[in-house]
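Working notes, beginning with the structure itself.
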There are 2 protein chains.
Amino acid sequence: MKKMKRSGRLVDMTHFLLQHPHQLISLSYFADRYTSAKSSISEDLGIVKEMFESQSIGSLLTIPGANGGVKYVPTVAPEEGEEIIYNLCRKLEDPERLLPGGYLYMMDILGYPRLMNEIGRLYAAVFADQKIDAVMTVATKGIPLAYAVGSYLDVPVSIVRRDHRVTEGSMVSINYVSGSSKRIQTMSLARRSLPEGANVLIVDDFMKAGGTALGMMDLLKEFRANVVGIGVLVEAEDVEERLVTDYVSITRLAQVNEKQKEIKVVPGNCLDKIKEVVKA
Amino acid sequence: MKKMKRSGRLVDMTHFLLQHPHQLISLSYFADRYTSAKSSISEDLGIVKEMFESQSIGSLLTIPGANGGVKYVPTVAPEEGEEIIYNLCRKLEDPERLLPGGYLYMMDILGYPRLMNEIGRLYAAVFADQKIDAVMTVATKGIPLAYAVGSYLDVPVSIVRRDHRVTEGSMVSINYVSGSSKRIQTMSLARRSLPEGANVLIVDDFMKAGGTALGMMDLLKEFRANVVGIGVLVEAEDVEERLVTDYVSITRLAQVNEKQKEIKVVPGNCLDKIKEVVKA
């Protein structure tokens, strides 16, 4: 690449770092990329760091030493997180979502990549300090959010299925009891979709009693995997017995009144987690 | 936001534009955001534009006039597109992918968000000049790529399903004949997941005869939608009769020899399309 001015380097560096979250980039890499002295690169990175942090784009961690470099870690400011979560609550309260049986139509939300990316960044921020090797979800509705999270953490996504497909190769299956309907169901994950002993973040769109999440945790035992955390976009409130208690929810369905066509949605515990992370 | 220096503005502006592809951002918006004169903002944008274009991050279109502003349109340089596509071909040729029946395991590729984003950018570049209101795909394997494309085009994703779910509301279903197996199958799309008359880009992971793609086109007729294009990650070669002929493929499966464990994969027609777009 031909030599360029600081202003040009800052634009390209910002783009490059945003494209490579959670990856250590050496100073030499940038020095070569811009045929510039490491001292200039250091100054550039100082400017990028200040902006990333003041604008809550993320942290820029500096690792000193010969093998050192910088790492962009996506974060979110509590106020921004609050705005994203409250906006989502208002969206979810639209009575037009009500479906027979008290179900909520959510595909417009799950189907909007920009919104999924915002929520994905919240999870990436909450779990920024944990070692995560993969995000796992169950088909179909959990997939958009899982990819958004995986994108910000730069880790692969494993998709659990409720059916068998010839294109998955050998699969590991377990039976689980759906917490709310008490029915026995099967879920499977391709053997090669997850290495043994991986640290996994489970993500799903909705959680009632937590039977599906518990099933995924059981399935992960077969892979000797370690569950780092569980994230759900919407949790139901009226649950007699929760099968899973340790999870991070973006929103909580406080009330669904089919007759009066009223939905009440409040922020989940994610907001507290973001505040904790910022404090730490 | 407090007043900041050019170097800071460039970092924040780059981040902001990358987060808002295909959206017109007014000069006043940036002038307010940085409490700076429009003339300074114009100069900033000139620097961003030069870098975005020289580094093939994208084009920065300038729309003059009182309602004008700038729009970031993701693009890709032919050499970069070539590298992404050739790398994918090499990955697909790994004989370890071979499954009984000559199927290929692809979940490691589809499960990697960074790779899906790269391919998503290729499609966003090829279809940059078309009016697209939504990306449509069929569950499950097409979803990752559809979200990546939707993310770069900043449009929603509609997911066609082969089953009925209570959480989708009323659905429109059609029967279609799978081109290769000749079986009659059903596919459905939630009525409210796509507005009438939308311009839709169809995306899928694999295409053999094109029966599924043809089914999606039929389904779209029920929504009076207009098919802007079809994108597939991998197309099969040994197809007697193609049901769909106008599509953009990233790679083409040239040969699968189960006995000798050999797979040959070549670039699809996407590369030519990228070159055409760059010339135009």
Side-chain angles (χ1 to χ4, degrees), chain A residues 1 4-8 10-15 18-20 44 47-48 50-52 54-55 57 96 99-101 103-108 110-114 116-117 134-135 139-141 143-144 147-148 150-159 161 165-169 190 192-193 206, chain B residues 1 4-8 10-15 18-20 44 47-48 50-52 54-55 57 96 99-101 103-108 110-114 116-117 134-135 139-141 143-144 147-148 150-159 161 165-169 190 192-193 206:
Chain A
M1 187 175 291
M4 56 172 83
K5 281 195 273 188
R6 163 147 301 149
S7 55
L10 289 173
V11 171
D12 187 69
M13 220 173 233
T14 300
H15 173 250
L18 292 173
Q19 295 282 98
H20 297 85
D44 296 347
I47 297 169
V48 174
E50 199 195 313
M51 285 310 296
F52 271 34
S54 69
Q55 303 297 92
I57 296 167
E96 291 294 313
L99 296 173
Y103 292 98
L104 294 193
Y105 181 81
M106 304 209 308
M107 273 315 294
D108 58 328
L110 300 173
Y112 194 20
R114 203 198 314 164
M116 285 301 102
N117 286 338
V135 174
T140 305
K141 294 213 175 65
I143 302 176
Y147 271 80
S151 199
Y152 277 106
L153 293 174
D154 193 36
V155 298
V157 176
S158 294
I159 301 175
R161 305 185 63 124
R165 303 281 291 196
V166 287
T167 50
E168 301 271 349
R192 57 171 109 177
S193 89
F206 190 76
Chain B
M1 188 175 294
M4 56 173 85
K5 281 195 275 190
R6 163 148 299 151
S7 54
L10 289 174
V11 172
D12 187 70
M13 219 173 232
T14 300
H15 173 250
L18 291 173
Q19 295 282 98
H20 297 84
D44 295 346
I47 298 169
V48 175
E50 200 195 313
M51 285 309 296
F52 271 34
S54 69
Q55 303 296 92
I57 296 167
E96 292 294 312
L99 296 173
Y103 292 99
L104 294 193
Y105 181 82
M106 302 209 308
M107 273 315 294
D108 58 328
L110 300 173
Y112 194 20
R114 204 200 313 168
M116 285 302 101
N117 286 338
V135 174
T140 306
K141 292 215 176 63
I143 301 176
Y147 271 81
S151 198
Y152 277 106
L153 292 175
D154 194 37
V155 298
V157 176
S158 295
I159 302 175
R161 306 185 63 124
R165 303 282 291 195
V166 286
T167 50
E168 302 271 351
R192 59 171 107 176
S193 89
F206 190 76

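Only a predicted model underlies this, so the values are computations on that prediction, with no experimental measurement involved. A note on names: the letters A, B, ... follow the listed sequences, proteins ahead of strands, and every chain is numbered from 1.
- If you tally non-hydrogen atom pairs under 4.5 Å between each of A/S158, A/P100, A/G101, A/P144 and chain B, the highest count goes to A/P144.
- When each of A/A190, A/A134, A/S151 is checked for heavy-atom pairs under 4.5 Å with chain B, A/S151 comes out on top.
- For A/V135, no part lies under 4.5 angstrom from a heavy atom of chain B.
- Looking only at side-chain heavy atoms (C-beta outward), B/M107 and A/I159 come within less than 4.5 Å of each other.
- Contact between A/P113 and B/P156 at its shortest, heavy atoms only, is CD-CA, 3.9 Å.
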Residues B/F52, A/V11; criterion side-chain contact (heavy atoms from CB on, under 4.5 Å); working and verdict: CA-CA 8 Å; B/F52 271 34; A/V11 171; 3.7 Å; yes
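- Taking CG of A/L104 as the start and OG1 of B/T167 as the end, the distance is 10.0 Å to the nearest 0.5 Å.
- In this structure, A/K141 pairs ionically with B/E168, as a charged nitrogen and a carboxylate oxygen lie closer than 4.0 Å.
- Contacts of B/R161 with chain A are made by side-chain atoms alone, with heavy-atom separations under 4.5 Å and no backbone atom involved.
- Salt-bridge check for A/D108 with B/R192: failed, with every basic side-chain N at 4.0 Å or more from each acidic carboxylate O.
- Looking at A/L153, there are no atoms closer than 4.5 Å to chain B (heavy atoms on both sides), in backbone or side chain.
- With chain A as the partner, the residue from B/L10, B/D44, B/T140 showing the most heavy-atom pairs under 4.5 Å is B/T140.
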Verdict with supporting geometry, A/L18 and B/L18, side-chain contact (heavy atoms from CB on, under 4.5 Å): CA-CA 9 Å; A/L18 292 173; B/L18 291 173; 3.8 Å; yes
A/Q55 vs B/H15, side-chain contact (heavy atoms from CB on, under 4.5 Å): CA-CA, chis, key distance, verdict: CA-CA 10 Å; A/Q55 303 297 92; B/H15 173 250; over 6 Å; no
B/I57 vs A/D12, side-chain contact (heavy atoms from CB on, under 4.5 Å): CA-CA, chis, key distance, verdict: CA-CA 9 Å; B/I57 296 167; A/D12 187 69; 4.1 Å; yes
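- Note that the CG atom of B/N117 and the CD atom of A/Q19 stand 7.5 Å from one another [nearest 0.5 Å].
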